[in-house]
Amino acid sequence: MNNTNLLQISDLHVEVEDRIILNGLNLDVAPGELHAIMGPNGSGKSTLAQVLAGRDKFEVTSGSIQFKDSDLLSLEPEERAREGLFLGFQYPVEIPGVNNAYLLKAALNAKRAVNGKQEVDAFEFMKLIKDKMELMQIPTDFLNRSVNEGFSGGEKKRNEILQMLMLEPQLAVLDETDSGLDVDALKVVATGINTLRSPERATILITHYQRLLELVVPDYVHVLYDGQIVKSGNKELAQTLDERGYDWVKIETEKK
Amino acid sequence: MSTINLQEVFDASLDQPDISAASRSLRNEAMVSFNETGFPSRKHENWRYTDLKPIVSGEFDPSPQPINSQQEKKASQDIEKSILDSKALRLVFINGQLSTNNTFPNELNGLSISKKTESYKSIDVLQGKELFKDYPLAALNTAFSQRETLITLDEGIQITKPLHLIHINSGTEPRAIHPKIAIDIGTESELTIVQHFISSNPEPGWTNSVTLINQNKGSLLKLYRFQEYPHEQFHTELLKSRLGNNAELKLGYVDLGGKLVRNDVHIDLAEPGAACSIDGVFLAINGQHIDNHTLIEHSAPRTTSQESFRGIIGEHGRGVFKGKVVVHRDAQGADAQQSSDNLLLSEHGEIDAKPELEIYTDDVKCSHGTTVGELNLEQLFYLCSRGIDETTAKGLLTFAFANTILQRIEVPEVRKRAASSIAGELPDHQNWGGLL
């Protein structure tokens with residue numbers, strides 16, 4: 001095992017309802033890196049994100065995922081989060097009746113408990129969140145509103161990034177955080193993602209489009225097709241995909 | 001246990017000089033009616049799911065008890081524990097008797113509070129033979145109620161501060177308490193009432209409450225009823241209300257405690273444009289039985305009603321909901337919306353929810369829906385993916401289910417109190433410190 005990797009996915013096979021979605025996927029992510037995963041619809045991008053976060057409706061039939069020192073697949077979703085993994089949802093769920101403040105405090109406290117720290121008090125919480133809310137251009141009444149209820153698509157995505165900034169994960173997996181955003185919202189989200197980039201942290205960005213990658217520049221770009229990573233490259237690959245689409249990659253893959 | 005003869009206790013309670021002829025005759029009528037009907041049995045359609053046997057066999061003593069000073073002192077502590085700040089308007093009833101020392105103030109700009117001794121037309125039309133026959137427990141209440149408290153608000157008065165009615169079951173003996181409140185809201189007037197039922201009695205007891213309400217033209221009454229007994233208590237009640245032209249009633253029902261609880265609500269939207277809403281939340285866990293029966297009558301054109309009940313049913317809990325809406329022949333343009341949503345936390349819980357719609361006119365808008373479900377797995381995963389353990393996440397979601405209704409309570413201190421009480425009562429709830 002390569003100890004410099006934060007995440008090491010080896011020969012991952014995943015099924016849902018007897019349908020094979022991931023079919024021998026390999027991916028290594030080292031601290032400080034940003035990996036973009038692109039690919040046509042149905043290639044398994046979101047499944048990968050959900051499997052990493054621990055969604056139990058997907059069945060891992062073989063392969064392994066090492067995250068830091070842990071066998072990720074043996075951990076519950078909440079344990080993965082406390083270990084420092086964060087999933088930015090493609091479709092963040094609405095939770096009427098749960099305030100954003102409850103959610104964020106509960107999440108912060110859960111993480112703190114693991115590190116033997118005291119629960120966050122109201123004053124400290126406000127201090128922590130104030131700048132981040134400004135950065136994400138989230139209005140002040142937001143904390144007393146129910147999680148994602150009645151939020152526009154853009155607000156939901158900004159809220160995901162706000163949660164990420166609060167929880168400061170070591171590995172953020174952002175699933176189509178750019179979809180449905182207008183140019184201004186895209187800039188805000190990109191700023192949020194870049195804010196957290198550091199030599200200790202890594203990011204996996206799942207996206208359809210190249211436009212986010214102009215603002216958040218990736219170290220690696222991978223193409224996921226038919227449940228495998230079939231091509232990897234640097235940021236130029238994203239540009240090529242944007243210009244030429246995925247068909248040439250498909251043809252190339254099938255030739256092999 | 002000695003057998004209580006209700007008739008004997010009743011006769012003794014009437015054998016007092018200060019009872020007016022009017023109330024003597026009303027109470028007699030009620031007792032005669034109760035003797036004819038007896039306690040409702042499960043053979044009756046409205047009582048199919050709720051068995052009063054534990055109350056009947058409890059033989060709770062309904063004879064009046066004067067308040068002693070110890071109880072008064074204890075009551076003021078209980079009140080502090082409930083929602084109040086010291087300046088809150090309040091009426092405090094200890095075992096059905098008004099505790100004058102704990103009451104504040106006696107009169108306030110157009111609001112008057114008195115003991116109803118003589119007949120009072122707009123209230124008395126709400127009670128009598130028919131009511132006693134339909135609601136035998138209300139007859140029993142009237143027969144044994146020692147004090148019918150009359151709250152009246154003059155025309156054109158808006159009182160913004162809520163008036164708290166606090167009913168305390170106090171003492172150490174099993175007892176039957178029959179509180180009775182009559183409310184008359186003047187034309188274009190506004191009042192908010194918070195009715196609390198609490199108990200510091202370690203023995204099981206039975207509270208059987210009746211609230212009669214008349215609302216005149218254009219008046220607005222918000223009434224939030226908050227029941228927070230320990231789990232040994234029995235509670236039954238009837239709220240009956242009549243609304244005049246464009247009057248509006250907003251009801252909120254929160255039931256957290258009690259072993260066996262049965263709430264009846266009967267609202268008559270009697271004149272054009274009258275509107276009511278009922279928002280209810282109940283918790284039936286650890287063997288609790290909570291039953292809400294509502295009847296809303298649309299008797300006039302353009303009357304509207306909106307009703308939503310949410311039940312959380314846990315281990316060996318039992319919830320019952322029956323919501324009947326009748327749209328009468330004259331009620332063109334009526335609008336009635338009703339929903340009953342229930343969360344089953346345990347396979348050993350049970351909910352019987354039944355909407356019932358009777359429509360005797362065209363041109364109405366009516367809808368009703370009943371759901372019984374479990375926690376939403378997508379939401380659960382979302383919370384867990386943020387590091388929140390499954391138990392806490394389930395607690396948050398269960399709380400949220402109730403909280404969407406609680407958010408409609410327009411008195412902030414009651415809303416907050418209800419929210420934190422529900423959070424505290426949830427099974428397996430943990431790690432709530434500092435969240436609320």
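Lettering of chains follows the sequences in order, A, B, ..., and the numbering in each one begins at 1. Bear in mind the structure is a predicted one, so any value in this text is a computation, not a measurement. Values below: all heavy atoms of this structure, side chains included; hydrogens, waters and symmetry mates excluded.
For A:Pro169, no part lies near chain B; criterion is any non-hydrogen pair under 4.5 Å. For A:Arg55, the parts sitting under 4.5 Å from any heavy atom of chain B are the backbone and the side chain alike. Of the atoms belonging to A:Asn148, it is side-chain heavy atoms, and not backbone ones, that fall under 4.5 Å from chain B. Neither the backbone nor the side chain of A:Asp121 comes within contact range of chain B; no heavy atoms are under 4.5 Å apart. Neither the backbone nor the side chain of A:Val114 comes within less than 4.5 Å of any heavy atom in chain B. Proximity to chain A is limited to the side chain of B:Gln407, based on heavy atoms less than 4.5 angstrom apart. Looking at A:Leu167, only its side chain comes within 4.5 Å of chain B, counting heavy atoms on both sides.
When all heavy atoms of B:Gly387 and A:Ala110 are compared, the pair lying nearest together is O-CB, 3.0 Å. Across every non-hydrogen atom of B:Ala400 and A:Gly97, the tightest pair is CB-C, 3.5 Å. Minimum heavy-atom separation, A:Val98 to B:Leu396: CG2-O, 3.7 Å.
The distance from the CZ atom of A:Arg82 to the SG atom of B:Cys384 is 8.5 Å, given to the nearest 0.5 Å. Atom CG of B:Asn376 and atom CD1 of A:Ile95 lie 8.5 Å apart (nearest 0.5 Å). B:Phe381 contributes atom CZ, which lies 5.0 Å from atom CD of A:Gln50 (distance to the nearest 0.5 angstrom). The OH atom of A:Tyr102 sits 13.5 Å away from atom CG of B:Leu383, with the distance rounded to the nearest 0.5 Å.
Taking B:Ala402, B:Ala393, B:Ser385 one by one and counting their heavy-atom pairs under 4.5 Å with chain A, the maximum is reached by B:Ser385.
Counting heavy-atom neighbours within 6.0 Å of B:Lys259 NZ, excluding the residue itself, gives a total of 12 or less. Shown here is B:Glu374, whose CD atom has no more than 12 heavy atoms of other residues, nucleotides or ligands within 6.0 Å. Other residues, nucleotides and ligands contribute at most 12 non-hydrogen atoms within 6.0 Å of the NZ atom of B:Lys365.
For the pair B:Gln379 (side chain) and A:Glu94 (backbone), a donor-acceptor distance under 3.5 Å is present. The main-chain N or O of A:Leu87 is found under 3.5 Å from a side-chain atom of B:Arg386 such that the two form a donor-acceptor pair.
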**Report entry** ring-ring contact (aromatic ring centres under 6.0 Å, His included) evaluation trace for B:Tyr382 with A:Tyr91
**Finding:** CA-CA 10 Å; B:Tyr382 188 83; A:Tyr91 303 109; over 10 Å; no
